[in-house]
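Scroll down for the structure; my scribbles are underneath it.
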Amino acid sequence: MSPYAAGRRSVHRSVAAGVPLALLAALTVAGTAVGAPSGEARVTGSATLGDIPLGTFSNALLPGTVGDDRGVDLGGIGSDIYPAGRKGEFWTVTDRGPNGQIKVAGEKRRTFPVPGFDPAIVKIRVSGGTVKVLDAIPITTSSGKPVTGLSNQKGRDEAPYSYNASTPLSYNPNGLDTEGIVRAEDGSFWLVDEYGPSLIHVSARGKILTRYVPKGLGLTGADYRVVEALPAVLLHRKINRGFEGLAQLPGGDLVMAVQSPLSLPDTDAGEASLTTRLLRFSTKKRAVTAEYAYRFDPVNVVDPSEDDTSELKISSVVAVGRDRLLVEERTDKAARLQVVKLTRGADILGDKWDDDTTSPSLEQLDDPAASGVPVLRKRLVVDLGTVKGVPGKIEGVARVDHDTLALINDNDFGMTDGPEAFDAQGRLVDSGIETTVTYVRLPRGI
């Protein structure tokens with residue numbers, strides 16, 4: 001992959017009813033089917049997104065947003081994947097854009113090499129070995145301005161810096177680190193974000209209608225409606241580990257997953273904890289109606305090569321029944337999919353575990369069930385780490401049918417951490433990791 005070589009594919013745009021359409025590009029590769037013994041989960045197909053210059057992509061949606069893409073191609077659309085209705089078509093969403101970390105004087109700084117990038121909802125079609133972009137919808141404020149992916153609040157979010165970590169950038173209260181996506185019956189979208197963490201209702205054209213955030217967040221200056229409707233305990237989310245998974249239940253309720261255990265009462269407790277939280281949100285009441293304790297498996301069970309508990313994350317949740325949820329537990333190298341049932345008896349909303357003065361906290365309990373916490377019971381569906389052909393860092397899971405899942409990875413826009421991510425001219429040294437949609441067949445279904 002040469003992200004800044006001559007001949008990079010161009011993106012074509014047409015406009016209908018004011019909505020950008022048909023941003024088309026593809027890299028054709030042969031479809032793959034990886035063999036596996038009968039009765040085991042196996043990859044039945046794989047498709048790859050081609051090279052689309054990030055500046056061309058962004059400026060086709062919102063002209064002038066990206067002056068220099070530093071040789072970065074469109075990526076990061078693997079934050080989530082949601083069926084779009086037609087066979088092989090899916091809605092995906094980018095995260096906050098290219099970002100990395102560089103250590104300066106012993107301190108890690110968060111870099112934003114393309115600070116003008118605006119997160120977008122991207123519709124794709126998987127055909128053979130190709131992923132094509134069919135449509136892209138920029139996420140904008142109430143007045144139609146780009147939200148960007150920049151950090152929101154000084155002292156709460158990481159300070160943003162330029163690509164080489166030398167120049168501070170401005171915070172942006174409109175900024176979003178979008179991760180999960182579902183589409184409502186009326187054509188609008190619901191997204192989740194890691195900064196707040198927040199739940200965001202977006203119109204069919206990408207305009208933010210409401211951003212729901214934790215009580216007490218105090219986010220000011222945003223050019224859209226902000227409502228403090230989520231439990232205040234979420235203010236203790238770990239940096240870069242807010243909401244990542246989002247599911248839409250058949251009745252219309254949403255379920256949001258906190259990516260990692262809360263830092264409650266402190267960072268050390270969160271890093272060592274195996275307990276995170278799921279929240280149920282009524283789109284009719286516009287309120288959280290239930291909360292559940294979810295217990296990770298030990299990190300070396302999820303990923304035998306890993307011994308750091310803080311590497312555990314929930315990146316995707318998928319509705320597989322009225323109150324049943326498929327939950328992805330992962331590290332960057334491996335993932336396992338579990339099924340849980342959301343029962344009334346497991347609801348802890350408003351309990352003492354939502355009080356951040358409770359000691360020990362939910363996150364500190366070595367055995368929450370023994371302390372009377374109704375932890376969700378789970379059943380393993382598939383260990384993706386044992387399925388040949390599944391890429392690393394799977395962040396999006398979609399149910400295609402009873403037996404088949406579509407997985408999408410986050411390629412981080414081809415970026416790596418450290419000063420070596422860019423050459424002497426400030427151009428990206430691409431990691432070579434592609435955005436890939438992978439189909440996995442489960443012999444026993446879900």
Rounded to the nearest 0.5 Å, what separation is found between the [atom1] atom of [X] and the [atom2] atom of [Y]?
X	Y	atom1	atom2	value
E329	D303	CD	CG	12.0 Å
D80	T178	CG	OG1	10.0 Å
L169	F112	CG	CZ	8.0 Å
Y171	K154	OH	NZ	6.5 Å
T111	I102	OG1	CD1	5.0 Å
K123	R86	NZ	CZ	6.5 Å

Please examine the side chains of [Y] and [X], heavy atoms only from C-beta on, and report whether any two atoms are closer than 4.5 Å.
X	Y	result
S263	R237	no
V122	V93	no
I200	I208	yes
L362	V373	yes
I52	D73	no
S260	L312	no
L405	L337	yes
L279	Y292	no

Backbone of [Y] reached by a side-chain donor or acceptor of [X] within 3.5 Å:
X	Y	value
T48	T436	no
N59	T65	yes
T331	A334	yes
R109	A165	yes
N172	V147	yes
R427	D423	no
D308	S310	yes
T386	D383	yes

*Quick one: side chain to side chain donor-acceptor pair (under 3.5 Å) partners of D347, sequence neighbours excluded?*
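Here no residue qualifies.
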_Under the side chain to side chain donor-acceptor pair (under 3.5 Å) test, residues paired with S79 that sit two or more places apart_ = E179
Nearest atoms (heavy-atom pairs only) where [X] meets [Y]:
X	Y	answer
L199	M256	CB-SD, 3.7 Å
N152	G175	ND2-O, 2.8 Å
Q364	A269	CG-CB, 3.9 Å
L62	G144	CD2-O, 4.4 Å
P214	P197	CD-O, 3.1 Å
L217	G196	CD1-O, 3.9 Å

Residue pairs involving [range] (criterion salt bridge (Lys or Arg N to Asp or Glu O under 4.0 Å); sequence neighbours excluded):
range	result
residues 220-229	none
residues 238-254	K238-E271, E244-R330, D253-R280
residues 411-420	K393-D412
residues 291-301	R277-E291, D297-R336, D297-K378

*Please lay out, stage by stage, how D401 and T404 fare under the test side-chain hydrogen bond (donor to acceptor under 3.5 Å, both in side chains).*
CA-CA 5 Å; D401 55 39; T404 307; 3.2 Å; yes
Taking NZ, NE, NH1 and NH2 as the nitrogens, is one of them in [X] or [Y] under 4.0 Å from a carboxylate oxygen of the other?
X	Y	value
D356	K215	no
K145	D118	no
E311	K313	yes

*What ring-ring contact (aromatic ring centres under 6.0 Å, His included) pairs are there with at least one residue in residues 201-235, not counting sequence neighbours?*
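The answer is W190-H201, Y212-F281.
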*Assess whether side-chain hydrogen bond (donor to acceptor under 3.5 Å, both in side chains) is satisfied between T141 and S143, documenting all intermediate values.*
CA-CA 5 Å; T141 68; S143 59; 3.3 Å; yes
*Test side chain to side chain contact (heavy atoms under 4.5 Å, CB included) applied to V382 and V387, step by step*: CA-CA 9 Å; V382 61; V387 181; 4.1 Å; yes
*How far apart are the C-alpha atoms of I77 and I124, what are their side-chain angles, what is the distance that settles it, and do they pass the side chain to side chain contact (heavy atoms under 4.5 Å, CB included) test?*
CA-CA 10 Å; I77 67 171; I124 62 171; 4.1 Å; yes
Taking only residues two or more places apart in sequence, or in another chain, which ones meet [X] in a side-chain contact (heavy atoms from CB on, under 4.5 Å)?
X	value
P173	L219
K103	K108
T276	V258, P261, Y294, F296, I314
N300	P298

*So which pairs with a foot in residues 89-100 pass side-chain hydrogen bond (donor to acceptor under 3.5 Å, both in side chains), sequence neighbours left out?*
E89-R125, R96-N99, R96-Y195, R96-N240, N99-R110
_Ring centroid separation Y82 to F189 under 6.0 Å_ = no
*Walk me through it: do L254 and L246 pass the test side chain to side chain contact (heavy atoms under 4.5 Å, CB included)?*
CA-CA 7 Å; L254 304 173; L246 177 66; 4.1 Å; yes
*Would S151 and D157 count as a side-chain hydrogen bond (donor to acceptor under 3.5 Å, both in side chains) if you check the C-alpha gap in whole Å, the side-chain angles of each, and the deciding distance to 0.1 Å?*
CA-CA 6 Å; S151 307; D157 302 315; 5.6 Å; no
*Please assess V255 against L325 for the test side chain to side chain contact (heavy atoms under 4.5 Å, CB included), listing each intermediate value before the final yes or no.*
CA-CA 9 Å; V255 181; L325 210 62; 3.7 Å; yes
